[in-house]
Amino acid sequence: MKPSIPKGTRDFTPEDMLKRNFLFDTIKSSFQRFGYLPLETPSMENLSTLMGKYGEEGDKLIFKILNSGDFLSEVSADELSLKNSKKLTSSISEKALRYDLTVPFARYVVMHQNEITFPFKRYQIQPVWRADRPQKGRYREFFQCDADVIGTNSLLCELELLQLIDDVFAKLGLNVVVLINNRKILSGIAEVFNESEKIIDITVAIDKLDKIGPEKVAEEMRTKGVSEKAIDGLKPLLVFEGSDQEKIDLLKKLLQSSEVGIQGITELETLLDYASPFTFKNIEYKVDITLARGLNYYTGAIFEVKTNEPKATFNSSICGGGRYDDLTGIFGLPGMSGVGISFGADRICDVLEELNLFPANVESSLDLLFINFGEDDIPYSLQLLNKVRAAGINAEMYPDAAKMKKQFSYADARKIPFVVMAGSEERAASTLMLKDMKTGDQQKMELNSLIEFIRNRN
RNA sequence: GUGGAUGUAGCUCAGUCGGUUAGAGCGCUAGUUUGUGGAUCUAGAGGUCGAGGGUUCGAUCCCCUCCAUUCACCCCA
């Protein structure tokens, strides 16, 4: 049989992993710098924990796990004959692969509420699974890198997330734009047009504005049964162009009758006030009234990050998040507000790859290769190798006394920057020959100078 | 779930208006007297032309079905 892996999943080669580890390490170091604590949760959750948290579409995209054993014996013949997959699912599946990291986190917080000191800041870097059709930048298994603060309403958390995003992308050397909006503003808009129950349809439609244009957005709202009055009223808002302040002024006028709308505007203004004194290195942030975001547990600020590099062809969001006021409520712990962001590691990898932003040395996992000159010289080389390793340098010796050509080709293929030759000549003089694989230069030196040389380089 | 595109060597692809031993580049392996790689040269290995069926004297090529990959929609990191 031909070996294969499931659609939308990938093997990561050593070259891939060196790059991915570099990315995970930089994100993790930023998370830690900002005071977030590590957490991991199981790959699978109870299906009931996940269902209903991501909207109707989300439920369909959850990977369900078939019950073990003779899972059909419990199902009645009637139920089977109905062929209602949705209903049947709950009888034959009670576990599912996690769909994101936020809902498992909420579940964790509720289960461990008595041990946790609030506000609780945690980061979590783990794979998630979605039964989507794969396409460019979309995988069925991918890694999210989440940082969340739960147990405080403070808008300083939103500011911190902006700074965290900046910190990460500055380290990666990637310029990004952060789009900011607030779900309360979207609720307010729906409210003033008497369309509160259509809020999700409206937000989903206007989220597509930059893709399909205002006419199609209006059309989509129309097919969803949104009133003409509301569609007309929304139009000027959608096509409005201006500074963040001008957008806010417009919203203030429009939403003056909506309490929740006003509150959203106030939150947004506060966040912008907090952010204004700071100079950000790699992010540009701006208010985007059309930003809606799909996950329907968001209630306050929402963020989305896209690349801000003209050369990048990849324009989907690489990072997103927001505030959820009551995610733990459904698990029995009401009134616990949280806010967080999620870095899409796989998409960021794709972008860094496209723009060639991975540091040149991520692929050289070894500093030194010792040439194997055969039985007589092995003990001497081994001794040097041990000392070099003890000094914190990554090194290895070629296992066979193969031809020089072969050993050097190996060093080349592995992208090892330096090769040590310690054969009979060097052994006699208690020295070694160091060759720079890039320039081809080689020079005799003592062990101590070698260690110093490599250290200074790293 | 809906629609389009593509499956030929390890990778990227050419090709035959249906005709005998199916090609290139890259990669891989090997090569000039026993301690020197990346550029060049020489040689070599490697393909039931995605799978099954049909049309035909004859199919990698035409037709059908299936499978896989991929892009877009929906939705999303």
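Throughout, protein chains are lettered first and strands after them, A, B, ... in sequence-line order, and every chain is numbered starting at 1.
- A salt bridge does not link Lys306(A) with Asp288(A): none of the charged nitrogens is closer than 4.0 Å to a carboxylate oxygen.
- Both Met433(A) and Gly344(A) sit near RNA chain B, but only Met433(A) has its closest nucleotide nearer the 5' end.
- Sorted by first and then second residue, the side chain to side chain donor-acceptor pair (under 3.5 Å) pairs involving residues 216-227 of chain A (not counting sequence neighbours) are Glu195(A)-Ser227(A), Lys208(A)-Glu220(A), Arg222(A)-Glu228(A).
- A donor-acceptor contact under 3.5 Å links the side chain of Gln442(A) to the base of rU36(B).
- Nucleic acid contact class of Lys415(A) (heavy atoms, under 4.0 Å, all strands): none.
- Across all strands, Gly440(A) comes closer than 4.0 Å to base atoms (heavy-atom distances).
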Watson-Crick and G-U pairing of RNA chain B written in dot-bracket, each distance under 3.5 angstrom, with | for inter-strand partners: (((((((..((((.....[...)))).((((.........)))).....(((((..]....))))))))))))....
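- In this structure, Cys145(A) reaches neither bases nor backbone, as no heavy-atom distance under 4.0 Å exists between it and the strands shown.
- One C1' atom belongs to rC13(B), the other to rG47(B), and the distance between them is 14 Å to the nearest Å.
- Spacing between rU55(B) and rC67(B) at atom P, rounded to whole Å, works out to 23 Å.
- Ionic pairing of Arg122(A) and Asp148(A) is present here: one or more N-O contacts between side-chain nitrogen and carboxylate oxygen are shorter than 4.0 angstrom.
- For Asp412(A) against rG37(B), a side-chain-to-base donor-acceptor contact under 3.5 Å is present.
- For the salt bridge (charged side-chain N to carboxylate O under 4.0 Å, His left out) condition, the pairs that include at least one residue of residues 423-438 of chain A, sequence neighbours left out, are Asp377(A)-Arg427(A).
- Contact annotation for Phe143(A): no contact, since no heavy-atom pair falls under 4.0 Å across all strands.
- The pair Lys53(A)-Glu45(A) fails the salt-bridge criterion, with no side-chain N (NZ, NE, NH1 or NH2) lying under 4.0 Å from an Asp/Glu carboxylate O.
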Extract from the structure each pairing of a protein N or O with an N or O of nucleotides 29-33 of chain B at less than 3.5 Å, listing the distance.
unit_1  : atom_1 : unit_2    : atom_2 : d
rG31(B) : OP1    : Lys403(A) : NZ     : 2.9

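- Straight-line distance between the P atoms of rG7(B) and rC62(B): roughly 10 Å, to the nearest whole Å.
- Rounded to an integer number of Å, the gap from CG of Leu291(A) to P of rA77(B) is 11 Å.
- Pairs passing the salt bridge (charged side-chain N to carboxylate O under 4.0 Å, His left out) check and including a residue from residues 442-455 of chain A, sequence neighbours excluded, do not occur.
- Checking rA77(B), rC75(B), rG37(B) against the side-chain heavy atoms of Arg347(A) singles out rA77(B) as nearest.
- When the C1' atom is compared between rG38(B) and rC26(B), the two are found 15 Å apart, to the nearest whole Å.
- Distance Tyr54(A) OH to rA77(B) C1': 13 Å, rounded to the nearest Å.
- As rounded to whole Å, 11 Å separates atom C1' of rA77(B) from atom OH of Tyr297(A).
- Taking atom C1' in both rC28(B) and rG46(B), the straight-line distance is 9 Å, to the nearest Å.
- Protein atom CG of Leu434(A) is 13 Å distant from nucleotide atom C1' of rU36(B), rounded to whole Å.
- The side chain of Glu425(A) has rG35(B) as its nearest neighbour among rG35(B), rC75(B), rU36(B).
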Protein-to-nucleotide contact annotation, 5' to 3' order, nucleotides 65-71 of chain B [B base; S sugar-phosphate only; - none; under 4.0 Å, heavy atom]: ----S-S
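- Among residue pairs with one or both ends in residues 8-19 of chain A, those qualifying as salt bridge (charged side-chain N to carboxylate O under 4.0 Å, His left out) are Arg10(A)-Asp346(A), Lys19(A)-Glu353(A); sequence neighbours excluded.
- Separating the P atom of rG52(B) from that of rU48(B) is a span of 12 Å, rounded to the nearest Å.
- In this entry the distance linking NZ of Lys53(A) with P of rC76(B) reads 17 Å, nearest Å.
- Taking only side-chain atoms of Phe142(A), from C-beta outward, the nucleotide of rA77(B), rG35(B), rU36(B) with the closest atom is rA77(B).
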Report each atom pair, protein N/O against N/O of nucleotides 9-13 of chain B, whose distance is under 3.5 angstrom.
none

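- The stretch residues 404-421 of chain A participates, sequence neighbours left out, in these salt bridge (charged side-chain N to carboxylate O under 4.0 Å, His left out) pairs: Glu363(A)-Lys415(A), Glu396(A)-Arg414(A).
- Within 4.0 Å of Ser342(A), counting heavy atoms only, lies no atom of the nucleic acid at all.
- Note that the CD atom of Gln383(A) and the OH atom of Tyr380(A) stand 8.0 Å from one another [nearest 0.5 Å].
- Distance check on atom P: rC66(B) versus rA14(B) gives 26 Å, rounded to whole Å.
- Applying the ring-ring contact (aromatic ring centres under 6.0 Å, His included) test to every pair with at least one member in residues 417-458 of chain A, sequence neighbours left out, gives these pairs: Phe418(A)-Phe453(A).
- Judged by distance alone with a 3.5 Å cut-off, a donor-acceptor contact links the side chain of Glu426(A) to the base of rG35(B).
- Here CD of Gln443(A) is found 8.5 Å from OG of Ser449(A). Values are rounded to the nearest 0.5 Å.
- For Thr328(A), the side-chain contact (heavy atoms from CB on, under 4.5 Å) partners at least two apart in sequence or on another chain are Ala106(A), Val109(A), Val110(A), Ile150(A), Leu333(A), Met336(A).
- Comparing the same atom, P, in rA77(B) and in rA9(B) gives a spacing of 38 Å after rounding to whole Å.
- In this structure, the CG atom of Asp132(A) is 10 Å from the P atom of rC76(B), given to the nearest Å.
- Within the 4.5 Å cutoff, no side-chain heavy atoms of Ile165(A) are placed close to those of Phe280(A).
- Distance CG/Asn175(A) to NZ/Lys281(A): 12.5 Å, rounded to 0.5 Å.
- As judged by a 4.0 angstrom heavy-atom cut-off over every strand, Ser316(A) is placed among residues making no nucleic acid contact.
- For the residue pair Leu369(A) and Ile416(A), the shortest heavy atom distance occurs at N-CG2, 3.7 Å.
- With sequence neighbours left out, the salt bridge (Lys or Arg N to Asp or Glu O under 4.0 Å) criterion links Lys171(A) to Asp167(A).
- The CG-P distance, from Asp100(A) to rA77(B), rounds to 8 Å in whole Å.
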